[in-house]
Amino acid sequence: MKCPTCGDDNPVEAQVCRRCGTRFSATQVTSSTPQEMDTKVQEEPSPDTIPEDAITVLQSRWAYMIHTVPWLVLFGVTFAFDFLTFGIFPAVAAICVIGSRYLVFRRTAYILTEKHLVIFQGSLMGRNRIDVPFADLNNILVQPGMFGGFLGYTGVILQLMDQRVSLLHYVPIASPLLEHLRARMNPDSPHEEEPSDNF
């Protein structure tokens with residue numbers, strides 16, 4: 001049986017492609033005709049598995065560190081002047097804030113596959129996945145914010161053809177993400193950048 005994604009031959013009883021990892025549905029295994037498979041390939045479904053050759057871009061460490069510095073300063077000041085609790089309450093608050101920001105940072109990633117940008121948005125409860133086909137990209141706006149240009153990160157706003165917007169926070173300027181997005185986006189789309197300080 002041919003894989004609808006990569007075209008590799010697989011055993012008839014296979015549930016996933018041995019080359020790219022695409023999961024075969026029951027209809028594909030039992031009753032799909034060649035014409036139906038071609039139609040499914042043209043629809044370009046979101047990738048269920050991330051290919052091994054995909055490019056992964058992690059957020060800049062400033063995603064959590066920029067929130068850490070003020071809390072460390074506050075803890076130092078209260079520890080010096082708080083003789084009653086010796087800074088226990090500020091320390092607990094700092095650990096909660098810094099810990100939560102670090103978890104979100106660790107769970108966030110931007111992954112470039114051949115036809116999609118896969119966005120993993122981190123949260124305290126886990127992470128959400130958003131698949132953005134490159135063909136749907138209408139515009140890319142770069143907004144480094146107040147400190148981004150100095151600290152080496154930027155925010156990226158992806159405008160899609162259907163007017164939806166995806167936000168990428170704390171993208172390292174040195175990463176290949178922007179270059180790849182511009183190279184793969186819809187060729188008829190504008191390539192404007194609008195730097196701003198309010199990201």
Side-chain angles (χ1 to χ4, degrees), residues 3-8 17 19-23 38-68 101-123 126-199:
C3 172
T5 302
C6 68
D8 191 46
C17 176
R19 180 177 179 197
C20 68
T22 299
R23 184 174 296 280
D38 291 342
T39 303
K40 288 171 185 170
V41 172
Q42 291 170 3
E43 290 174 0
E44 295 181 3
S46 299
D48 291 330
T49 58
I50 306 298
E52 292 180 8
D53 60 348
I55 300 172
T56 301
V57 176
L58 302 178
Q59 285 185 321
S60 165
R61 294 189 181 274
W62 288 106
Y64 72 93
M65 289 176 61
I66 205 165
H67 301 276
T68 300
R101 294 296 306 187
Y102 183 75
L103 278 177
V104 171
F105 159 75
R106 292 286 295 174
R107 293 171 175 169
T108 299
Y110 311 123
I111 301 174
L112 293 157
T113 66
E114 185 179 348
K115 297 181 180 179
H116 290 78
L117 169 65
V118 181
I119 304 171
F120 284 111
Q121 293 178 331
S123 68
R127 61 184 185 176
N128 300 320
R129 174 175 171 165
I130 301 171
D131 293 336
V132 179
F134 294 128
D136 289 353
L137 282 178
N138 186 44
N139 199 6
I140 300 171
L141 302 177
V142 177
Q143 295 187 332
M146 195 181 310
F147 305 110
F150 176 71
L151 298 177
Y153 67 81
T154 188
V156 179
I157 300 176
L158 304 179
Q159 295 178 344
L160 307 183
M161 293 292 188
D162 58 4
Q163 304 304 316
R164 288 182 301 154
V165 172
S166 291
L167 304 177
L168 312 181
H169 300 282
Y170 298 100
V171 176
I173 293 175
S175 75
L177 183 79
L178 283 172
E179 179 185 344
H180 279 266
L181 287 177
R182 290 191 184 109
R184 299 178 185 181
M185 71 183 288
N186 191 322
D188 299 329
S189 301
H191 292 258
E192 298 177 2
E193 290 186 15
E194 297 181 5
S196 173
D197 291 340
N198 52 357
F199 194 85

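If you read the sequence from its start, that first residue is 1, and numbering goes on from there.
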Enquirer: Nearest 0.5 angstrom please: Asn138 CG to Met161 CE, how far?
Expert: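 Asn138 atom CG to Met161 atom CE measures 5.0 Å (nearest 0.5 Å).
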Enquirer: Once you round to the nearest 0.5 Å, how far does CG of Asp136 lie from CD of Gln159?
Expert: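 Here the interatomic distance stands at 13.5 Å.
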Enquirer: Let me confirm one number: the CG-CZ distance from Asn139 to Arg182, rounded to the nearest 0.5 Å.
Expert: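 One gets 10.0 Å once the value is rounded to the nearest 0.5 Å.
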Enquirer: Under 4.5 Å between any side-chain heavy atoms of Leu137 and Val132, yes or no?
Expert: yes
Enquirer: Can you name the closest pair of heavy atoms from Leu181 and Phe134 and give their distance?
Expert: CD2-CE2, 3.7 Å
Enquirer: Treating Ser60 as the side-chain partner and Tyr170 as the backbone partner, does any N or O pair qualify as donor plus acceptor under 3.5 Å?
Expert: no
Enquirer: Which atom names give the shortest non-hydrogen contact between Tyr110 and Gln59, and what distance separates them?
Expert: OH-NE2, 3.4 Å
Enquirer: With a 3.5 Å cut-off and sequence neighbours excluded, list the donor-acceptor pairs that the side chains of residues 171-180 form with protein atoms.
Expert:
from	atom 1	to	atom 2	distance (Å)
Ser175	OG	Pro172	O	2.8
His180	ND1	Arg184	NH2	3.1

Enquirer: Could you check whether any side-chain heavy atom of Leu117 comes within less than 4.5 Å of a side-chain heavy atom of Leu158, counting everything from C-beta outward?
Expert: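 Contact flag for Leu117/Leu158 side chains = yes.
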Enquirer: Does any part of the side chain of Thr68, heavy atoms only, come nearer than 4.5 Å to the side chain of Arg101, both counted from C-beta?
Expert: no
Enquirer: My understanding is that only one of Leu168, Asn128, Ile111, Asp131 makes a side-chain contact (heavy atoms from CB on, under 4.5 Å) with Ile119; could you say which?
Expert: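 In the set Leu168, Asn128, Ile111, Asp131, the residue that makes a side-chain contact (heavy atoms from CB on, under 4.5 Å) with Ile119 is Leu168.
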Enquirer: Holding to side-chain contact (heavy atoms from CB on, under 4.5 Å), I want the full list of residues that pass it with Arg127, two or more places apart in sequence or in another chain.
Expert: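 With neighbours one apart ignored, the set is Arg107, Phe120.
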Enquirer: My understanding is that only residues two or more places apart in sequence, or in another chain, count here; which of them pass salt bridge (Lys or Arg N to Asp or Glu O under 4.0 Å) with Arg61?
Expert: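 Partners of Arg61 by the salt bridge (Lys or Arg N to Asp or Glu O under 4.0 Å) criterion come out as none, since no residue qualifies.
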Enquirer: Counting C-beta onward and ignoring hydrogens, is there a side-chain heavy-atom pair between Arg129 and Ile50 closer than 4.5 Å?
Expert: yes
Enquirer: Hey, could you give me the CG/CG distance between Leu112 and Asp53, rounded to the nearest 0.5 Å?
Expert: 11.0 Å
